[in-house]
Amino acid sequence: MKKINYLLIFIAFLLSGCTSQPTVYIYGKYLNNSQKEAIINTFEKSDKYHVEVNDFDFPTDITVNTLLYSLFLQKPESIDIVSSLSTSAGFPIKEKQVFNVGNNWYTKDSIALFLFPKIIDNGITFFKQDLINDYKAQNCGTATSLKLNKNGSFNLESLSKSGENVIESIDGIWKYRQYPYLELQTKGSPYADYYFEIKRFKGADKVSEIDYLELVSLNSGSLPEGCSFLIGTRK
């Protein structure tokens, strides 16, 4: 089960050494290269901030363009200036929040921007990048796992039917055309061989709440009925 590390990463940023300019950390996981260039160029032209872009995971409760800032910014007016620069680059800020974790406040002179593309399919905040992960099989017979890679390829692993604990792998490409459906097309096939419905739900254990992402098989001829692949992310 994957645990989001964005808080630890941001804390490391906050506690790192000082710079001559306030630092703006842009979380650009959902942005394409041209969108990243637009936001970087806007801040560089202002000559007011040091900018760093990353592809780290977003907090699951951030679903709109959001600005997080330290309570102890040296220049509080930076909040409005950064928000204005983001808007001029095409990413208007919808929410502004003070960054805190466990009632501790961090004193680094920094701001973080969590940015989304302008277009969201069907008004649902769910992107292709959200699917990239390693999933565990549930009720899938010999199938054990499914990996959706960033480059668009997939690996579906199964135990060999010979019963010798040999792992067999089916490879190909995956396609996400429209929520909530996923397609897998094996190598050499002219069409999709596997179809899945994307489902999201919440759960919890003794440690914390968990956001689940489940890929439910829609073609029982290829995988056993009731088969799905699951990943959980702690909040």
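With sequence neighbours excluded, no residue satisfies side chain to side chain contact (heavy atoms under 4.5 Å, CB included) with Asn139. Taking Phe201 as the reference, Tyr212 meet the ring-ring contact (aromatic ring centres under 6.0 Å, His included) condition, with sequence neighbours excluded. Legend: residues meeting side chain to side chain donor-acceptor pair (under 3.5 Å) with Glu168, ordered by chain and number and at least two apart, are Ser160. For the side chain to side chain contact (heavy atoms under 4.5 Å, CB included) test, residues two or more places apart in sequence or in another chain that qualify with Glu95 are Val64, Thr66, Gln97. Remark: Thr186 pairs with Phe154, Ile170, Ser189, Asp193, Tyr194 by the side chain to side chain contact (heavy atoms under 4.5 Å, CB included) rule, at least two apart or across chains. Asn32 is linked by a side chain to side chain contact (heavy atoms under 4.5 Å, CB included) to Ser34, Gln35, counting only residues two or more places apart in sequence or in another chain. Annotation: side chain to side chain donor-acceptor pair (under 3.5 Å) contacts of Lys128 (sequence neighbours excluded): none.
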Can Ser169 and Leu156 be said to form a side-chain contact (heavy atoms from CB on, under 4.5 Å), step by step? CA-CA 6 Å; Ser169 179; Leu156 176 60; over 6 Å; no

Take Phe126 and Tyr176 through the ring-ring contact (aromatic ring centres under 6.0 Å, His included) test and state the conclusion after the steps. CA-CA 11 Å; Phe126 191 85; Tyr176 171 55; 5.7 Å; yes

Taking it one step at a time, do Leu113 and Tyr27 satisfy side-chain contact (heavy atoms from CB on, under 4.5 Å)? CA-CA 6 Å; Leu113 294 178; Tyr27 284 65; over 6 Å; no

Would you sort out whether Phe116 and Phe58 count as a ring-ring contact (aromatic ring centres under 6.0 Å, His included), showing the intermediate values? CA-CA 10 Å; Phe116 292 92; Phe58 282 35; 5.2 Å; yes

Output, in order, the C-alpha distance, side-chain angles, deciding distance and verdict of side-chain contact (heavy atoms from CB on, under 4.5 Å) for Thr233 and Leu213. CA-CA 8 Å; Thr233 301; Leu213 178 59; over 6 Å; no

Criterion side-chain contact (heavy atoms from CB on, under 4.5 Å) on Leu115 and Ile39, from CA distance to verdict: CA-CA 10 Å; Leu115 304 179; Ile39 190 77; 4.1 Å; yes

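Other residues, nucleotides and ligands contribute only 12 or fewer heavy atoms inside 6.0 Å of the NZ atom of Lys199.
Within the model, atoms OG of Ser46 and CG of Asn41 stand 11.0 Å from one another, a figure rounded to the nearest 0.5 Å. The CG atom of Leu146 sits 6.5 Å away from the CG atom of Leu215 when rounded to the nearest 0.5 Å. Glu77 CD to Ser84 OG: the interatomic distance, rounded to the nearest 0.5 Å, is 13.5 Å. Here CZ of Phe127 is found 12.5 Å from OH of Tyr179. Values are rounded to the nearest 0.5 Å. Going from atom CD of Glu197 over to atom OG of Ser228 covers 11.5 Å, rounded to the nearest 0.5 Å. Put simply, CD on Gln138 and CG on Leu230 are 5.0 Å apart, with the number rounded to the nearest 0.5 Å.
Sorted by first and then second residue, the salt bridge (charged side-chain N to carboxylate O under 4.0 Å, His left out) pairs involving residues 139-158 (not counting sequence neighbours) form an empty list. The stretch residues 211-227 participates, sequence neighbours left out, in these salt bridge (charged side-chain N to carboxylate O under 4.0 Å, His left out) pairs: Lys202-Asp211.
At a threshold of 4.5 Å between non-hydrogen side-chain atoms, the residues Ser158 and Thr144 do not count as touching. Side-chain contact between Ile93 and Val82 is absent, with no heavy atoms from C-beta onward closer than 4.5 Å. In this structure the side chain of Lys48 reaches within 4.5 angstrom of the side chain of Ile81, judged on heavy atoms. For the pair Asp205/Ile210, a side-chain contact is recorded, criterion being any heavy-atom separation below 4.5 Å from C-beta on. With a 4.5 Å cut-off on side-chain heavy atoms, Tyr25 and Val53 do not count as touching. Counting heavy atoms from C-beta on, the side chains of Lys36 and Asp55 come closer than 4.5 Å. Counting only heavy atoms from C-beta outward, the side chains of Arg234 and Glu209 never approach each other to under 4.5 Å. A heavy-atom distance below 4.5 Å is found between the side chains of Ser78 and Tyr49.
Side chain to side chain, Asp130 and Tyr30 meet the donor-acceptor criterion of an N or O pair below 3.5 Å. Side-chain atoms of Ser153 and Asn155 include no donor-acceptor pair closer than 3.5 Å.
Through direct or indirect side-chain contacts shorter than 4.5 Å among Ile, Leu, Val, Met, Phe, Trp and Tyr, Leu159 is connected to Ile167. With a 4.5 Å cut-off between side-chain heavy atoms of Ile, Leu, Val, Met, Phe, Trp and Tyr, the cluster of Tyr181 takes in Tyr195, Leu218. Through direct or indirect side-chain contacts shorter than 4.5 Å among Ile, Leu, Val, Met, Phe, Trp and Tyr, Tyr191 is connected to no other residue.
Ser217 places no side-chain N or O within 3.5 Å of a backbone atom of Leu223 that could act as its donor or acceptor partner. Although no hydrogens or angles enter the test, the distance criterion places no donor-acceptor pair under 3.5 Å between the side chain of Asp80 and the main chain of Ser83. Within the 3.5 Å criterion, the main-chain N or O of Leu85 finds a donor-acceptor partner in the side chain of Ser88. Put simply, the side chain of Asn133 never gets that close to the backbone of Tyr135: no donor and acceptor are under 3.5 Å apart. Formation of a donor-acceptor pair under 3.5 Å by the Trp174 side chain with backbone atoms of Leu131 is not found in this model.
Of all heavy-atom pairs between Lys29 and Gln129, the closest is O-NE2, 3.2 Å. In plain terms, the two heavy atoms of Ala137 and Ser145 that are nearest each other are CB-N, 4.1 Å. Smallest separation of non-hydrogen atoms from Leu31 and Pro117: CD2-N, 3.9 Å. When all heavy atoms of Ala89 and Ala38 are compared, the closest pair comes out as CB-O, 4.1 Å.
The cluster map of Ile, Leu, Val, Met, Phe, Trp and Tyr, joined by side-chain heavy atoms under 4.5 Å apart, puts Leu67 and Val51 in the same cluster. Follow the hydrophobic side-chain contacts under 4.5 Å out from Ile173 and you never reach Leu148; the two are in separate clusters.
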